[in-house]
Amino acid sequence: MKRTFHHSLPAFITIIFALCAVILVGNAISLYNNLLSLRNTTSWIEHSWDVKDRLKNVNVLIMDAESSLRGYYLSGNKTYLGPWLTAQEKIDPEFKAMAELLKDNPVQSKSLGELKTLFDKKIQLMKEGLAAFNDGGLDQIVMLAKTAEGRSTMDEIRLQVVIMESEENALLATRSGSFYQRYRIAVAVGMAINIMALLVLVLFYQLIARSFFKRLAAERQLKASNEHLEARVLARTEQLSILSHHLINVAEQEKAKLARELHDELGSNLTVLAMDISMVTEKLRQIQPELAERLQRASATIKTTIGLKRRIIENLRPSVLDTMGLAASLMEQASEFENISSLRVNTDISEEFDKIDPSAAIALFRVAQEALTNVAKYAQATQVWITLQAADQGLRLLIADDGIGITADALKKSKSHGVIGMRERMLLLGGNLTVTPAANGRGTMIDAYLPFNQSATQADAAAE
């Protein structure tokens, strides 16, 4: 069944992301509005307190001025006139400042105008009293005081100040109430936003947990599948290795059997044929020289065929390997290769390795045979070096040439059957084979190694 892969995000993730964005934007707007409301409320509170402070200031100024004049009337000392002079200087700037503060409030502006009229009236009365005192003394002041006009004006001023302060307090209470109402709404909205955010977080947690457990289950399933597949691969690899070793052994046995048959049957037949032709040739030499000449050529062909038969037998199963051992067979193979290929072969085989397992001996011999064949076909070399030595509780066969070398890509190709076959022979007997550039930087080095203590065991295990 064909599987369909989605290359876009699931719709629910996009919806949740959009919902999170809306919640964050709404929370930010709500916070901004709350800050604006708090700033406006704070500004109005400061405004109200400023108005009330200035009302108190003008009230204090007029009261201080009145007390200042009383002290002057009683003592006659002009030092007491300081607050009176100060009040005349500061009252107008204070009223201008309050007019600026109350310009947006028509009711308070009207009340401020009335208060300013009362203050002007009070100041005028105080000026008249001061002039009367300067002209007639304290008696004149007493006569003016009996009219009680100044006292009633002062009471009106106090009343107007109280009215304006009450108005400011009422405005402040209204604005504070409006602020607290908006604050409660903002708190409710914030709690709703937080609840929504919490719900989204819970939803995200559930999605992440579900995704995590799904991925964990998929990883476990994949791990189990990989382990099962690895076990199957290992079992199949082991089976293939056993089969490969069996096929190699069967091939070697078949080659040995074919070599014996060629040697015993074909060899004896050719020998008898050659002897009969030689006998007939001697009898016909006197009476039929032409036939004798032809038989002579046939005898030469038979001898050539016998030599070809011998080479085929040696390629199938070198007899010297069974009779004289690995070292002698490699020396003979090197000599034969030198004669056939016209390449110089340098050998370094100083020891006799006659007691090694037959499977190891034939494996190393086949590696040398395949390596020399590859040198003749592809290397374009002039010299070959063959070394057989004991190393690391085993045997090491080194074959090097001074040819053009072999690339890493060529070694990785699936059609490199020669190198693959050599390596497989070594691996099946517990050894290894590597192909690297030669030490002199030109050509190729083949390094084949077989341990002494594993070759026989590997062979026996594969045979079973």
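Owing to the predicted nature of the structure, the values given are computational and were not obtained by experimental measurement. Atoms considered below: every heavy atom in the structure, side chains included; atoms not considered: hydrogens, waters and symmetry mates.
A heavy-atom distance below 4.5 Å is found between the side chains of Leu372 and Ile386. Under the 4.5 Å side-chain criterion, counting only non-hydrogen atoms from C-beta, Leu364 is in contact with Met426. Taking the side chain as every heavy atom from C-beta outward, Asp357 and Leu429 never approach each other to under 4.5 Å. For the pair Glu370/Arg366, no side-chain contact is recorded, criterion being any heavy-atom separation below 4.5 Å from C-beta on. Residues Ser111 and Gln108 meet the side-chain proximity criterion, which asks for heavy atoms closer than 4.5 Å. Counting heavy atoms from C-beta outward, Gln160 and Ile163 have side chains that approach closer than 4.5 Å. Proximity of Tyr449 to Thr434: side-chain heavy atoms (C-beta onward) are nowhere separated by under 4.5 Å. When side chains are defined from C-beta on, Glu230 does not count as touching Val233, because their heavy atoms never get closer than 4.5 Å.
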**OP:** Go through the steps for Trp84 and Lys127 under the test side chain to side chain contact (heavy atoms under 4.5 Å, CB included), then give the verdict.
**Re:** CA-CA 10 Å; Trp84 158 250; Lys127 287 181 179 180; 3.7 Å; yes
**OP:** Report the C-alpha distance between Val58 and Ile62 in whole Å, list the side-chain angles of each, state the deciding distance to 0.1 Å, and finish with yes or no for side chain to side chain contact (heavy atoms under 4.5 Å, CB included).
**Re:** CA-CA 6 Å; Val58 295; Ile62 199 68; over 6 Å; no
**OP:** Under the side chain to side chain contact (heavy atoms under 4.5 Å, CB included) rule, what do Val435 and Met422 come out as? Steps first, then yes or no, please.
**Re:** CA-CA 10 Å; Val435 181; Met422 291 189 290; 5.5 Å; no
Subject >> Thr117 vs Lys121, side chain to side chain contact (heavy atoms under 4.5 Å, CB included): CA-CA, chis, key distance, verdict >> reply: CA-CA 6 Å; Thr117 301; Lys121 183 179 178 181; 5.6 Å; no
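Scanning both residues, Ser75 and Gly71, for their nearest heavy atoms gives OG-O, 2.6 Å. Taking each heavy atom of Ala87 and Ala65 in turn, the nearest pair found is CB-CB, 3.7 Å. Here the shortest heavy-atom pairing between Ala368 and Ile399 reads CA-CD1, 3.4 Å. Nearest approach of Asn59 to Phe119, heavy atoms of both residues: N-CZ, 4.1 Å. Of all non-hydrogen atoms in Leu433 and Ala448, the two that sit nearest each other are CD1-CB, 3.9 Å. The two residues Gly405 and Thr444 have their closest heavy-atom pair at CA-OG1, 3.2 Å.
Summarising the local packing, CZ of Phe95 is surrounded by more than 12 heavy atoms from other residues, nucleotides or ligands at distances under 6.0 Å. Other residues, nucleotides and ligands contribute at most 12 non-hydrogen atoms within 6.0 Å of the CD atom of Gln221.
For Glu338 (side chain) and Val345 (main-chain N/O), a donor-acceptor pair under 3.5 Å exists by modelled atom type. Side chain of Asn57 to backbone of Asp53: a donor-acceptor contact under 3.5 angstrom is found. A donor-acceptor pair is defined here as one N or O able to donate and one able to accept, closer than 3.5 Å; such a pair exists between the side chain of Asn226 and the backbone of Leu222. Side-chain atoms of Thr174 come within 3.5 Å of backbone N or O of Ala170 as a donor-acceptor pair. Formation of a donor-acceptor pair under 3.5 Å by the Asp401 side chain with backbone atoms of Gly443 is not found in this model.
If you check the side chains of Gln389 and Asp348, you find no donor sitting under 3.5 Å from an acceptor.
Look at Asp92 and Lys116 and you find a salt bridge, because one of the NZ, NE, NH1 or NH2 atoms lies within 4.0 Å of a carboxylate O, short of that distance. Using a 4.0 Å cut-off between charged side-chain N and carboxylate O, Glu66 and Arg70 make a salt bridge. Under 4.0 Å is where a charged nitrogen must lie from a carboxylate oxygen, and between Glu165 and Lys52 no such pair does.
In this structure, Asp447 CG and Thr436 OG1 are separated by 7.0 Å, a value rounded to the nearest 0.5 Å. Separation of atoms CZ (Arg54) and CE (Met164) is listed at 12.5 Å; rounding is to 0.5 Å. One distance of note links NZ of Lys223 with CG of Leu216; it measures 10.5 Å at 0.5 Å rounding. For the atom pair CD1 (Ile157) and CE (Met63), the distance works out to 10.5 Å, reported to the nearest 0.5 Å. Rounding to the nearest 0.5 Å gives a distance of 11.5 Å between CG of Leu198 and CE of Met191. Atom CD1 of Ile349 is separated from atom OG of Ser329 by 8.0 Å, given to the nearest 0.5 angstrom.
In this structure Ser67 satisfies the side chain to side chain donor-acceptor pair (under 3.5 Å) test with no other residue, sequence neighbours excluded.
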